[in-house]
Amino acid sequence: MATAPKERIGVYPGTFDPITLGHADIIRRGAKLVDKLVIGVTTNIAKSPMFNDDERIAMVQREAEGLGLSNIEVVGFNSLLMDFADAQGASVVIRGIRGVTDFEYEYQLTGMNRQLNNKVETIFLMADVALQPIASRLVKEIALYGGDIAKFVSPPVRTDVLARITETARLARD
């Protein structure tokens, strides 16, 4: 009697502050490589987020649902990535790469992660050429200076970012 193959679970971690079209591209493509893709929304202590954890999780959930894929789950986490991957039963971590700088950072991170848990592989997906320049940090900066971010994020995310900027400006005036 043959045993059923083990479900391949992948984790795509990030801060997603905000989620961009580049992130959506990696989610769409990464979901094809695994049976289940867990999008892990975390806080990077080296960054100061525009949106809190719950807001980012809700934003990613909304965007993921819009992709129409049935094998995606969005989960918040605040731990080491390898601990999170292990808790999810993941055998692979999916990382998006925009260019050489991303690769150098991810290469080092992958080496450290292998030291923590060598049962989890890392797969690098190159961002679509048209989406390579997009970075959440730059999206926020463009928006803060009044630039149009419509080419970089979905319409609902654009609305979220602009609303947050308006809210922050209002609070600063009061």
Side-chain angles (χ1 to χ4, degrees), residues 8-51 53 55-86 88 90-114 116-117 120-143 149-154 156-158 160-161:
R8 290 171 313 180
I9 299 172
V11 168
Y12 176 41
T15 53
F16 305 103
D17 186 49
I19 185 170
T20 68
L21 297 178
H23 292 129
D25 175 56
I26 299 298
I27 292 167
R28 189 174 16 267
R29 292 169 46 220
K32 293 177 186 176
L33 302 176
V34 294
D35 298 313
K36 177 181 175 184
L37 180 63
V38 178
I39 305 169
V41 181
T42 188
T43 299
N44 183 334
I45 57 175
K47 299 178 182 179
S48 26
M50 176 178 273
F51 298 96
D53 293 353
E55 290 168 330
R56 286 182 291 108
I57 291 167
M59 187 183 299
V60 172
Q61 182 69 48
R62 180 188 68 215
E63 295 298 303
E65 287 172 2
L67 296 175
L69 302 169
S70 61
N71 65 332
I72 294 175
E73 180 181 359
V74 179
V75 177
F77 77 102
N78 192 8
S79 64
L80 288 172
L81 174 56
M82 289 297 103
D83 291 343
F84 177 69
D86 196 45
Q88 298 302 313
S91 59
V92 66
V93 171
I94 296 173
R95 300 296 294 165
I97 302 288
R98 292 174 300 209
V100 175
T101 305
D102 280 355
F103 178 77
E104 289 176 357
Y105 172 75
E106 294 294 341
Y107 179 80
Q108 182 180 21
L109 193 60
T110 298
M112 294 297 286
N113 285 338
R114 295 278 302 165
L116 295 171
N117 184 343
V120 177
E121 293 293 339
T122 299
I123 297 174
F124 297 129
L125 292 179
M126 291 300 300
D128 181 278
V129 174
L131 304 173
Q132 283 179 0
I134 302 173
S136 294
R137 176 182 52 82
L138 297 175
V139 168
K140 289 185 288 191
E141 189 173 327
I142 290 166
I149 59 171
K151 294 179 186 176
F152 314 120
V153 298
S154 71
V157 171
R158 179 179 178 271
D160 292 342
V161 170

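Within the model, atoms CD1 of Ile149 and OG of Ser154 stand 9.0 Å from one another, a figure rounded to the nearest 0.5 Å. The CZ atom of Phe16 lies 12.0 Å from the OG1 atom of Thr43; values are rounded to the nearest 0.5 Å. Between the CZ atom in Phe152 and the CG atom in Leu131 there is a gap of 10.0 Å [rounded to 0.5 Å]. A distance of 10.0 Å separates CG of Asp25 from CG of Leu67, quoted to the nearest 0.5 Å.
Put simply, the side chain of Arg158 never gets that close to the backbone of Val153: no donor and acceptor are under 3.5 Å apart. Judged by distance alone, the side chain of Arg56 and the main-chain N or O of Ile19 form no donor-acceptor pair under 3.5 Å.
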*Using the side-chain hydrogen bond (donor to acceptor under 3.5 Å, both in side chains) rule, take Gln108 and Glu104 through it: C-alpha gap first, then chi angles, then the decisive distance, then the call.*
CA-CA 6 Å; Gln108 182 180 21; Glu104 289 176 357; over 6 Å; no
*I would like to know whether Gln61 and Val41 meet side-chain contact (heavy atoms from CB on, under 4.5 Å); could you show each step before the answer?*
CA-CA 10 Å; Gln61 182 69 48; Val41 181; over 6 Å; no
*Carefully, step by step, assess Ile39 and Ile27 under the rule side-chain contact (heavy atoms from CB on, under 4.5 Å).*
CA-CA 8 Å; Ile39 305 169; Ile27 292 167; 3.6 Å; yes
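Looking at heavy atoms from C-beta onward, Met50 lies out of side-chain contact with Glu55 at the 4.5 angstrom threshold. Contact check for Arg95 versus Thr122: side-chain heavy atoms found under the 4.5 Å cut-off. Counting heavy atoms from C-beta outward, Pro49 and Thr15 have side chains that stay 4.5 Å or more apart. Residues Arg62 and Val157 have side chains in contact (heavy-atom distance under 4.5 Å, counting atoms from C-beta outward).
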Donor-acceptor contacts, no H, no angles, side chain residues 133-140, under 3.5 Å, sequence neighbours left out:
unit_1, atom_1, unit_2, atom_2, d
Ser136, OG, Pro18, O, 2.7
Lys140, NZ, Asp17, O, 3.2
Lys140, NZ, Asp17, OD2, 2.8

Would you tabulate the side-chain donor-acceptor contacts of residues 72-85 under 3.5 Å, counting partners in other chains and residues two or more places apart, or write 'none'?
unit_1, atom_1, unit_2, atom_2, d
Glu73, OE1, Lys36, NZ, 2.8

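Using cut-offs of 30° and 60° for the angle between ring planes, the Tyr107 and Phe103 rings count as tilted.
Here the closest heavy-atom approach between residue Ala143 and residue Val161 is recorded as CB-CG1, 3.7 Å. The nearest pair of heavy atoms linking Asp128 to Ala130 is OD1-N, 2.9 Å. Of all the heavy atoms in Ala31 and Asn71, the pair that sits closest is O-ND2, 2.8 Å. Annotation for Ile26 and Ala127: closest pair CD1-CA, 4.3 Å, computed over non-hydrogen atoms.
Paired with Ile9 under the rule side chain to side chain contact (heavy atoms under 4.5 Å, CB included), one option of Val34, Leu37, Val38 passes, and it is Val38.
Under the side-chain hydrogen bond (donor to acceptor under 3.5 Å, both in side chains) criterion, Glu121 pairs with Arg114, not counting sequence neighbours.
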